[in-house]
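Start at 1 and go down the list; that is how both ligands and their atoms are numbered. Not measured: the values here are computed from a predicted model.
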Amino acid sequence: MAKELVFGHQNPDTDAIAAALAASYYLNKKGLDTEAVALGAPNDETNFALKYFGVKTPRIIDKADTKEVVLVDHNEAGQSVSNIKDLTVTHVFDHHKIDFKTSAPLFYHAEALGSTSTILYGFFKKDGIKIPKDLAGMMLSALISDTLLLKSPTTTDVDRQVIKELAEDAEISDYDKYGLELLKAGTDLSKKSEKDLIDGDAKSFQFGNKTYRIGQVNTVDIQSVLARKDALKKEIETENKEKGFAGFLFVITDILNSNSVALYFGDDQTKIESAFNREFKDDVIDLPGVVSRKKQIVPPLTESFN
Ligand code: MN
Ligand code: MN
């Protein structure tokens, strides 16, 4: 029988990949027969971690060919495999807002911790299952990535403790130093096309009865990304038209100073302004202190649009 597939969201980030690897390893120890896969190629940051810890890239799929699946680091159908509606979800491990429909009972663990990998660490610990060094390295990388090295407001005391324990399991003596290297590995945007930039880690959200897209890139130099505004605008407007998005918010985050600016093209610009209490100037809005899409961007937009 085919193994049950475990995967994170489309346009996977480091947590989507690492949490799939961790959940699969954990569930197999509990007697299931699962395989971690990815819904897209790993990004530069994730590739840095995979290489650093000598972990093989999971198989990439678009459709699941098993009946039963495990979701990690997401729960919304629009962020999942294309045939999610035909599948049975047996487990969810996640730290996002919940927009999930089910017709059968399942195991669902949601918790507002900094990363899904932090949540999974708790399961390993509870059951006394040892985490291999390479997997600990991936989970550590995911925690660092999702919390921007503990600087995001999504960071909890649990994350501050778990990062130390995972660093020990991964044999990383200085997680700050490793973390900065990891985050910087994801910020070389110069070789990327505008299409790569906007698609990189974009996710779809339903506000009212329309679909909006929110993308985010990490950088150490916001101005160098803003310098590409005209080309970004062209690409975003094409994508809105082709894929039917009502609007596209493209967030550019300075990981060193924990600030963002965003570009927006689409309907209802004033609703974005009222969500953040700021105005657009030449399609750019300043978002001081904002780094977290799930905690600082999606909630005010949800409120403003609904
Ligand atoms: Mn994620
Ligand atoms: Mn995550």
Presence of N, O or S from His95 under 2.8 Å of the Mn ion (ligand 2): yes
2.8 Å cut-off met by an N, O or S atom of Asp201 to the Mn ion (ligand 1): no
Centroid-centroid under 6.0 Å between Phe250 and Phe265 rings: no
Identity of the N, O or S atom of His9 lying closest to the Mn ion (ligand 1): NE2
Tyr108/Phe93 aromatic ring centres below 6.0 Å: no
Lys/Arg N to Asp/Glu carboxylate O, Glu273 vs Arg278, below 4.0 Å: no
Any side-chain heavy-atom pair of Arg293 and Leu301 under 4.5 Å: no
Considering only N, O or S atoms of Asp146, the one closest to the Mn ion (ligand 2): OD2
Closest Asp15 atom to the Mn ion (ligand 2) [N, O or S only]: OD2
Residue Asp73 atom name (nearest to the Mn ion (ligand 2); N/O/S): OD1
No-hydrogen, no-angle side-chain donor-acceptor test under 3.5 Å, Ser204 and Gln79: no
Salt bridge present between Arg160 and Asp157 (N-O < 4.0 angstrom): yes
Name of whichever N/O/S atom of Asp13 is nearest to the Mn ion (ligand 1): OD2
